[in-house]
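Working notes for the structure below.
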Amino acid sequence: MNHATEYLETRQKLFDKYFGFLNAAQRSAVYCTEGPLLVLAGAGSGKTTVIVNRIANLVLFGRAASDKRVPDCAVELLPAMREALAHGDSNQVREVLRRCAVEPVFPYKILCITFTNKAANEFRERLYATLGEGARDIWAGTFHSVCVRLLRRYIDRIGYKNDFTIYDTDDSKRLISRILKDMNIAESILSPRHALALISHAKENDRTPEDESRDTLRDLHRSRYCEVYARYQKQLRAANALDFDDIIMLTGRLFDEQPEVLERCRSMFEYILVDEYQDTNRSQSRLVGLLAGSKRNVCVVGDDDQSIYSFRGAVIDNILDFDKEYPGAKVIRLEQNYRSVGNILKAANGIIANNADRRGKNLWTEAPDGERVHIKRFLSQAEEAAFICDEVASAVASGAKYSDFAVLYRVNALSNSLETALARRRIPYKIYGGLRFYERREIKDVLAYLSVIANPADSVRLRRIINVPRRSIGDTTIEKIVSLAEEKGATLFEIIENASGYEGLQRVAPKLERFAGLINGLRDYSSAHTLSETVRRTIEASGYIEMLAEEDDNSEDREQNVMELISSAQTYEETAEDRSLPAFLNELSLVSDIDSYDSADDAIVLMTVHAAKGLEFGTVFVPGFEEGLFPSAQSFAEGDKGLEEERRLAYVCVTRAKKRLYLLHTGTRLLYGRTETRQVSRFAGEMPPECCDHSARDGAAARTAAPSAHVSRHSESRQAFLDNIRRAETKPDSAALIPAGRRVSHPIFGQGTVLSASPMGGDVLYEIEFDNGNKKRLMGNFAKLKKLD
DNA sequence: GCTGGACATTTTTTT
DNA sequence: AATGTCCAGC
């Protein structure tokens, strides 16, 4: 064997040794450094590990794992390589491989885009463990955070100011509502919600108001919407604000219009990784393409079966057509699951196999089958909640940790009944989602003050707080200010500052000027004090905290939340590089709830299935596994597409569980003030029967029928509760499953034995062998079957 | 300009 | 059921 061949082979073996903790597919993803790469990573297949090690490989060894050239120094390196291969530990192998490195990549040349900030931090932490200090320089963040960083530097080139503020959905909605009102468009014609959705979708496809009106001039409805969009965009600009979609869209525009900026970014990011690619929208995938340029060093990781955000513009085609977009792309499938037990995986595969629009993938595991998936029926949600509490309590009594359990539901509204049940049983729980901290009114108000202090041009935030607490500045005054501002081409704040100089404002001028004085005073204060001091001062000087104290309900909670904002400013001060107010606001505008999820807290976790993406738990409970809820009734209207997304959601949900999974459904459920009869989700019938364990808790009613004192506080709801149970008892639910082997009787066919029972779309398909030898397939709801003993 | 009561609205959610 | 939003009347 010549030296060249031996060098290449030994080097390969060293790589395999160094990355020996990965499986073959994972390793090939790590080794593939050049050109477009699509990693189809099934749930629990070690996706994060692959991304982290792929980056580590780039930084440590460059292209060595795939390079076919033999360096001049090969002969000198060989002895050390042989030695390391035979006897070396991981560190030695690493050192030798470093000497074989081919153009190792500077960390700051790597861009790693994730779905949430939390994921970005996770990557950073894990990279830090392998790479040390160098890991800091990697560009890891969400599309939004990365784009904001770029825009802060370059957006002035396309006519915005670099110190722009970011509007969240709530701010955008306020702005839209006002525009609709100005245009005299009734809510019934175009709701703010709908308008916002239309605008958002337009932006997700990089369409400007002009683009939108060009194609849709004929339709009166649409042309009014175009006008709304145009005004909205104009006003954002006047307020020096960007909404979330602008952040992406304008980065694209920046690249289109400023080739030298694009060129600079292209050379800045030599390697691009995008996680959760199935949840990107058009505008985002276009950005990736622009940045990749002709080098095309793009690695996208994702799972088409876990695409659950199409309702907000994610296009599953991005991942389905990746190799068309990037011809010659290498595709690697990660199908070995390291998370779940066999039965859970089979159930998940069974569900997702019913989708047509997918690349196809089959997860497998070396783990044993484990427990079967428990599908349980209850009479009421109170019982369902009691069951969850019982299971958790008894598991914890025998040594389990609360944090091993999660309750995942389709809609936030389901958390209520669980919350009370858990609280009553003193089971520690944490709820994610619902009303987020930064979306609370009091927090948004204080942040609005801070925003106006930082950027007085921010008219949406200004209007939010100008009369909170009450300063006797009403709508009429504000309208006057707005029209004056338009007339003079000034901002609202400029008019307010000089109110006594305008005729129509004489009467309220002192109030307005006092307000302007407050804001200006706080700005001066902030330039001489720390961030948290500024926050505290703002809360006090504005009279906001006093106002809260005088409110009747929740005033204590709200005060506490506001105080917590001060401590979050403090934390920020201790950790951040840029401790300015604008930087703090910028940071806050891009954080979410799930970012604060910490699996170390010992509490059971309650969240929506969407929020649970990427997480895993020993035991998962899914209450409300019912038709109309999961899949949601709304999804039916969208046809197959809607249903397929619900199915992917179910798939995500099932694959969160490691060892044990409970899919729970009830006969009646109280939701949005209505009590409805419900049937088990059709997805229950899509799982292979042999890996499921169906049961209906008949007779369990007695246990919960006598509600505790806590419930009977509301005599009405207690009455309804009891009524429901009575109703359910007098009309035994025909959908309650009759297990195989049971004897049944049918009015026409006589007696027989159940051969199989498979739930189907809210009903059960029975295969029955009757005593006369006939085999029949009957639907449970139609065939009037009676159970025999 | 403020207040209280009628009224609707209620998927999923990051940024 | 619960909550926020809107509008009429003070």
Side-chain angles (χ1 to χ4, degrees), chain A residues 113-120 141-148 166-174 177 181 186-188 191-193 197 200 203-204 242-249 276 279-281 283-284 307-314 408-414 416-417 420 432-436 438-439 441 467 470-478 507-508 511 553-554 586-595 607-614 624 628-638 642 645-646 648-650 652-653 670-675 714 716-717 720:
Chain A
I113 295 176
T114 55
F115 190 65
T116 60
N117 294 305
K118 177 175 176 273
T142 60
F143 272 103
H144 290 82
S145 67
V146 170
C147 288
V148 165
I166 299 167
Y167 276 5
D168 68 11
T169 320
D170 181 73
D171 300 318
S172 300
K173 215 168 177 177
R174 278 162 188 267
S177 304
K181 215 165 275 169
E187 171 111 22
S188 52
S191 66
R193 208 176 124 79
S200 189
K203 290 184 174 181
E204 277 153 9
L242 310 192
D243 69 14
F244 286 134
D245 301 310
D246 280 339
I247 292 171
I248 311 298
M249 183 177 77
E276 307 281 12
D279 287 322
T280 53
N281 63 36
S283 180
Q284 291 168 330
S307 162
I308 53 175
Y309 282 103
S310 77
F311 68 91
R312 68 172 211 231
L408 307 182
Y409 33 78
R410 179 66 239 272
V411 294
N412 276 312
L414 284 192
N416 271 334
S417 57
T420 34
Y432 293 88
L435 189 54
R436 280 173 281 279
Y438 293 107
E439 280 169 18
R441 169 173 65 89
N467 202 28
R470 300 259 135 80
R471 299 190 177 89
S472 297
I473 302 170
D475 287 342
T476 349
T477 308
I478 293 170
R507 188 185 291 252
V508 280
K511 293 172 194 156
D553 34 58
N554 294 336
N586 182 43
E587 172 95 1
L588 289 193
S589 60
L590 298 175
V591 300
S592 78
D593 234 33
I594 196 73
D595 290 343
M607 61 174 88
T608 63
V609 182
H610 282 90
K613 192 172 75 158
L629 205 54
F630 200 171
S632 82
Q634 288 88 331
S635 71
F636 301 153
E638 296 153 44
E645 177 132 330
E646 294 289 314
R648 290 193 293 269
L649 203 48
V652 169
C653 182
L670 178 67
L671 198 63
Y672 305 129
R674 267 195 308 277
T675 305
H714 309 285
E716 259 188 46
S717 64

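Atom set for the values below is all heavy atoms of this structure, side chains included, hydrogens, waters and symmetry mates excluded. Values in this document were obtained by computation on a predicted structure and should not be read as measured data. To find a chain, count down the sequence lines: A is the first, B the second, and so on, and within it residues start at 1.
- Contacts of A:Arg174 classified as salt bridge (charged side-chain N to carboxylate O under 4.0 Å, His left out), with partners at least two apart in sequence or in another chain: A:Asp170.
- Here A:Glu276 pairs with A:Lys47, A:Lys613 under the salt bridge (charged side-chain N to carboxylate O under 4.0 Å, His left out) rule; sequence neighbours left out.
- Shown here are the side chain to side chain donor-acceptor pair (under 3.5 Å) partners of A:Ser632, two or more places apart in sequence or in another chain: there are none.
- Neither OP1 nor OP2 of B:dT15 sits under 4.0 Å from any side-chain N or O of A:Asn281.
- One can place CG of A:Leu588 at 13 Å from C1' of B:dT15, the figure rounded to the nearest angstrom.
- The shortest distance between the side-chain N/O atoms of A:Thr608 and the OP1/OP2 oxygens of B:dT13 is below 4.0 Å.
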Between the protein and nucleotides 1-5 of chain B, are there any N/O to N/O pairs under 3.5 Å, and if so, what are the atom names and distances?
| from | atom 1 | to | atom 2 | distance (Å) |
| --- | --- | --- | --- | --- |
| B:dG1 | OP1 | A:Gly474 | N | 3.1 |
| B:dG1 | OP1 | A:Thr477 | OG1 | 2.8 |
| B:dG1 | OP2 | A:Gly474 | N | 3.2 |
| B:dG1 | OP2 | A:Asp475 | N | 3.1 |
| B:dG1 | OP2 | A:Thr476 | N | 3.4 |
| B:dG1 | OP2 | A:Thr476 | OG1 | 3.0 |
| B:dC2 | OP2 | A:Asn467 | ND2 | 3.1 |
| B:dT3 | OP2 | A:Arg470 | NH1 | 2.8 |

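- At a threshold of 4.0 angstrom between heavy atoms, the contacts of A:Glu276 with the nucleic acid are absent.
- Distance, A:Phe143 CZ to B:dT15 P: 13 Å, rounded to whole Å.
- For the pair A:Leu408 CG and B:dT11 C1', the interatomic distance rounds to 16 Å; values are reported in whole Å.
- For B:dT10, the OP1/OP2 oxygens have a side-chain nitrogen or oxygen of A:Arg193 closer than 4.0 Å.
- Nearest to the side-chain atoms of A:Arg312 among the listed nucleotides B:dT15, B:dT12, B:dT14 stands B:dT14.
- Residues A:Gly141 and A:Ala120 come closest through the heavy atom pair CA-CB, 3.8 Å.
- Atom CD of A:Glu587 and atom P of B:dT14 are 16 Å apart (whole Å).
- The heavy-atom pair separating A:Leu414 from A:Gly624 by the smallest distance is CD1-CA, 4.1 Å.
- At the phosphate of B:dT15, OP1 or OP2 sits under 4.0 Å from a side-chain N or O atom of A:Asn117.
- If you measure from atom CE of A:Met249 to atom P of B:dT14, you get 22 Å, rounded to the nearest angstrom.
- Remark: C1' of C:dA1 and CG of A:Leu414 are 14 Å apart, rounded to the nearest angstrom.
- Of all nucleotides listed (B:dT13, B:dT11, B:dT14), B:dT14 comes nearest to the side chain of A:Phe115.
- At the heavy-atom level, A:Tyr309 lies under 4.0 Å from the strands shown only through sugar-phosphate atoms.
- For A:Gln284, the side chain to side chain donor-acceptor pair (under 3.5 Å) criterion is met by no residue, not counting sequence neighbours.
- Among residues two or more places apart in sequence or in another chain, the side chain to side chain donor-acceptor pair (under 3.5 Å) test is passed with A:Ser283 by A:Asp206.
- A donor N or O paired with an acceptor N or O is not found under 3.5 Å between the base of B:dT13 and the side-chain atoms of A:Thr169.
- What separates CD of A:Gln634 from C1' of B:dT12 is a distance of 9 Å, to the nearest Å.
- Atom-to-atom, CD1 of A:Ile113 to P of B:dT14 comes out at 19 Å; the value is rounded to the nearest Å.
- Residues passing the side chain to side chain contact (heavy atoms under 4.5 Å, CB included) test with A:Ser589 are A:Ile166, A:Asn586, sequence neighbours excluded.
- A stacking contact links A:Phe311 to B:dT12: the aromatic ring centre lies within less than 5.5 Å of the base's six-membered ring centre, and the planes differ by less than 30°.
- Dense packing is recorded around NZ of A:Lys511, with more than 12 heavy atoms of other residues, nucleotides or ligands lying under 6.0 Å away.
- For the side chain to side chain donor-acceptor pair (under 3.5 Å) test, residues two or more places apart in sequence or in another chain that qualify with A:Thr142 are A:Ser145.
- Mapped onto DNA chain B by nearest heavy atom, A:His144 and A:Glu646 fall at different nucleotides, with A:Glu646 at the one closer to the 5' end.
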Could you list all N or O pairs between the protein and nucleotides 5-10 of chain C that sit under 3.5 Å apart?
none

